Amino acid sequence: MIRVRAFILSASLSIICATGANAHQGHAAPPWQQSSVWPDRIVVTLPDDPATSFAVTWRTSADVENSVAEIAVATPDARFDLAAESRTAVSEELDLATVKRLGADVPVEWNSMLAPVRFHSVTFDGLEPDTLYAYRVRGADSAWSEWYQVRTAPVDGPISFIYVGDAQNGILSHWARTIRAAFQTAPDARFILHAGDLVNRASRDFEWAEWFKSVGFIHGMIPAMPVAGNHEYDRIGLPEDTTSRILSILWRPQFTLPVEETLHADLRETVYDVRYTKDLHLFVLDTQAGRIDEQAEWLDKALSESDARWRIVSMHHPIFSSGRGRDNADRRQILLPVFLKHNVDLVLQGHDHTYARGLIPQDDTTQTPERIAMGDTDLIKTMFVNSVSGAKQYTFKDDRWDGYTSDGVELKNYAENTQFFQVVRIYGNTLSYTAYTATREIYDSFVMTKGEDAVKTLLEGSGSTIDLRLFESTMPYPGVSDLSAE
Ligand SMILES: [Fe+2]
């Protein structure tokens with residue numbers, strides 16, 4: 001993979017601060033949305049080799065034309081910064097209020113009156129594995145961020161990460177508590193996987209402002225691994241009768257992600273893989289972008305070439321839907337055979353605004369008399385999770401257990417009307433998984449152990465610390481139309 005940042009070079013406007021009206025309820029843009037000469041929206045992401053590099057992206061007003069970042073090994077010394085080295089940023093101006101579509105300038109109504117901004121990024125490389133680094137980023141001269149600390153990936157050894165489903169609605173009002181509870185529960189998480197629909201309106205800057213205010217300093221310290229969902233796409237400036245969607249104007253500027261040169265340009269920076277450690281390899285798909293055949297082919301090849309003990313796929317639209325009246329049969333038909341061919345261990349998804357965990361068992365040929373004698377009766381091929389971290393909640397499929405079950409998948413646990421985050425831990429031949437509510441109560445858990453023959457044994461967790469979560473047994477749910485991002 002080769003890292004490439006798209007440039008949009010244009011004359012910048014000398015505007016210190018975006019102060020225009022925001023489409024949200026007629027209010028002016030709040031101070032935490034407005035860009036300035038100070039860096040904000042600071043987010044660390046994972047480049048090609050997380051053991052020796054990490055990337056950071058930040059925003060300023062457009063008049064900050066050039067920027068730099070500094071990095072030092074983090075030590076207990078009060079002036080660790082005296083050993084800092086400077087790196088020049090790649091800078092890209094973004095016009096939030098107007099977008100080029102089909103050769104014409106089209107207004108982005110949500111962002112009208114917002115001034116252009118500039119995103120800056122640096123990829124720190126040549127670093128030592130499993131080492132704590134401190135970095136800071138600059139806006140205008142002397143306008144520095146605080147020093148953030150980030151640990152590079154270990155070559156091998158135990159690690160944990162956080163996974164969340166759709167934030168999407170009421171991001172600041174209702175999602176902030178979930179992501180902050182996740183950080184509180186797993187502060188040593190090495191990255192946070194966001195499985196799509198981070199916002200509701202893909203190119204609406206106000207919702208990204210809410211997202212970044214919610215995560216606060218968290219993604220300055222813990223890398224983000226974003227997955228594109230259907231709400232990361234919009235149809236601004238496209239003909240009325242088209243079913244096409246275009247990726248958020250903010251996605252590529254604000255996240256520095258691996259670029260798969262072999263893929264079509266539409267899939268770059270939304271379809272990628274990260275080999276985090278010797279044991280863990282993650283693959284991210286973009287189920288909204290189309291070209292699912294091309295993605296399946298890429299994934300098949302990437303999985304064939306991966307010798308990682310644990311292989312996890314994340315994508316937005318679930319292979320097995322749990323929301324009432326929903327299905328993604330076309331995508332399932334193409335992608336599921338690839339997952340099963342390669343015994344993908346875990347598939348982390350969103351979109352259905354319910355919680356569901358199901359599995360496809362290992363076929364009978366691996367269930368030998370010896371295994372049965374050892375008590376290894378619950379052999380698993382692939383585990384699938386649908387989860388939701390935001391406030392939008394859907395009804396589970398009719399006939400819950402039977403409704404979810406299709407193509408050989410077995411439902412193991414489910415919920416409605418609940419915000420979740422999940423912590424996954426990888427330690428050697430063991431993968432443990434725990435789903436927590438936003439109030440940090442354990443709802444669901446399991447442990448998978450992989451034998452020398454790569455066959456996985458499943459041990460279900462001892463159960464929830466709270467009762468089954470269903471609409472009929474929880475507080476009334478009036479919807480999300482009154483929440484801030486609607
Ligand atoms: Fe979605």
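Note that the structure is predicted; figures quoted are calculated from it, not measured. Side chains are part of it too, since the values below use all heavy atoms of this structure and drop only hydrogens, waters and symmetry mates. Numbering of ligands and ligand atoms starts at 1, following listing order.
- Looking only at atom types and distance, the side chain of Glu232 has no donor-acceptor partner in the side chain of His316 under 3.5 Å away.
- Looking only at atom types and distance, the side chain of Asn386 has no donor-acceptor partner in the side chain of His351 under 3.5 Å away.
- Counting only protein N, O or S atoms, 4 lie closer than 2.8 Å to the Fe ion (ligand 1).
- Ring geometry for Trp211 against His219 counts as parallel: the plane angle stays under 30°, on a 0 to 90° scale with 60° as the upper cut.
- Under the rule for a salt bridge (charged side-chain N to carboxylate O under 4.0 Å, His left out), Glu441 has no partner lying at least two apart in sequence or in another chain.
- Ring orientation note: the planes of Phe384 and Phe339 are tilted relative to one another, at an angle of 30° to 60°.
- Salt bridge absent: Asp197 and Lys392 never bring a charged side-chain N and a carboxylate O closer than 4.0 Å.
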